[in-house]
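Each remark here refers to the structure printed beneath this line.
Ligands are counted one by one from 1 in listed order, and the atoms in each one are counted from 1 as well. Position 1 is the first residue of the sequence, and the numbers go up from there. Everything quoted here is computed from the prediction, not taken from an experiment.
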Amino acid sequence: MHIDLIIEQARIWTGDPNRPRAQRIGIWCGRVFGLDEQLEGVTAEVVVNAEGAFLAPGFNDVHAHSVWFGQTLLELDLAQAHSGEDLLARISEYAKNLPETSWVIGSNFNPLGIRGAMPDRDALDAAAGGRALWLKHSSGHAYTLNGVGLAEVGVAEFPTTEIDGGKIVTDAAGRATGLIEENAMSVVQSYHLPDSRSDIVRALGAATQQYLREGLTSITDAGVAGGWIGHSPQEFGAYQQAREAGALGTRMQPMITLDALHALSGHADDPVSFGLDAGLRTGLGDEWLQIGPVKVFTDGSLLGSTAAMTEDYEQCPGNHGYLLGDPAELRGKVLQAAAAGWSLALHAIGDRAVDFAIDTISQAQRACGKPAIPNRIEHGGVVREDQLPQLAAHGIALAPQPFFIPTFGDGMAAKLGEHRSGLSYPAASLLRHGAMLPGSSDRPVAPGAPLGVIQAFVERLTESGAPYGPSERITAEQALIAYTRGSAEATGWAERKGVLSPGMLADVVVLSDDVTAVSSERISQLEVLATLVGGEVRHGTIGGLGSR
Ligand SMILES: [Zn+2]
């Protein structure tokens, strides 16, 4: 037998409980051919010596926003702007190279990170050199515009319109400050959207190149083609275009936002159908690009105190958040989508939203059975003890984001208090109850490098170093399983990836050391030496073998 590639002298963590470790791996036609003694008498086109590097299945992030993230990579990065002066300097430096009529768009802007006074709209007008300015906050829940930008999108200097669930913020005199919150952000989005397919392709190219540098080989995009997180009604087509152009570096499973679905007519046997034209739905596609579940928002955010809780937020008597829209109407639509063959992914941060999600999903499963791609709950900002066995019993995948803890854990702890912080973004208790645990980041809402997220799974320390729900800590090996096999299971690919064993996709990350053996604070410092997707080196080098 003559195969494509053999990698020797590696420390291989397979993720396969029947054969957890190996030294040699053979790859043929994009798949794992065999390990160690399974390669006796087998030759290969290329044989490389890994010199003791650590190999694991490629990382799989089940909740990220790739177009949004890719755009942030192409825009002015303001993550490091720490004072008003510094912010203005970065804006004017960037703006001066742009055409006079083009927008100045900044990403990763965190107003809480600005020391002293935030520059006002007039100062931002001057810094942008008369151009319209749009700063996207890293929270994803607000924008800051300058005066030119406000005028461009049609916001009056002294606005009077009320926006349900959002705010065009004004000063004491009633003049718009430039801060635009929550639902009011649609004023800016509807001006800019839809993005062109070629812009989406460019963003996907930038995002997936970064993913490869971090060892990611599969991503589930948490909502495309509609709603405030979609970029164009043609967004899935743009993913196809990106793939054809060779710009899609990693495997992709975009969820379709509920807003993109509509009623469909059909045969009398199919009286109620709810979906995309031609009846396209979850599961269509292949190893590279596949339609994921339908993405549904059931509540808001934890830091915005809008996520639906059963108990009040700390120091906010009477406020326990709310479910979005009319829950009965929302449930009706979701059940119709399930009946039409869609897997469900319900955004639920508060425990009351988690109740709604569990009830809705279990109702759908009683009517339609369990789908091949599991039904999911996104986030789980608070998950009560009584909800954990229900998740396991119904086979619902919960996707928590542990890197929220080192990003905004102190703020979340203040909103939740100690008891509820202990129930927040659970991991250990999901495993204890036999429920699925995938790895995910919600990038670009929080940083998404998988090694950092794995470290956060292990440490659960806030940005100030305070423990946050320490009983939910898991081991580095459990976190590695989550980011590989757990994610494959939660996205319906357990038979094909997430484990390095014969027949599985040869998606491999090559690291400078063993994630399961180094001290926790070193995990995020490990180097990603190479990333292979389908047996092909797409980032870095291994034993002198590099990307083509
Ligand atoms: Zn998200």
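For the Zn ion (ligand 1), the neighbouring protein N/O/S atoms at less than 2.8 Å, given as residue and atom, are His63 NE2, His65 NE2, Asp442 OD1.
In this structure, Tyr191 has its ring center no closer than 6.0 Å to that of Trp134.
In the model, Arg213 has a side-chain atom that pairs as donor or acceptor with a side-chain atom of Gln210 under 3.5 Å.
Using a 4.5 Å cut-off on side-chain heavy atoms (C-beta onward), Leu302 and Lys415 make contact.
The local environment of CD in Glu521 is crowded, with over 12 non-hydrogen atoms from other residues, nucleotides or ligands closer than 6.0 Å. More than 12 non-hydrogen atoms from other residues, nucleotides or ligands lie less than 6.0 angstrom from CG of Asp386.
By the ring-ring contact (aromatic ring centres under 6.0 Å, His included) test, Trp493 pairs with no residue at all, sequence neighbours left out.
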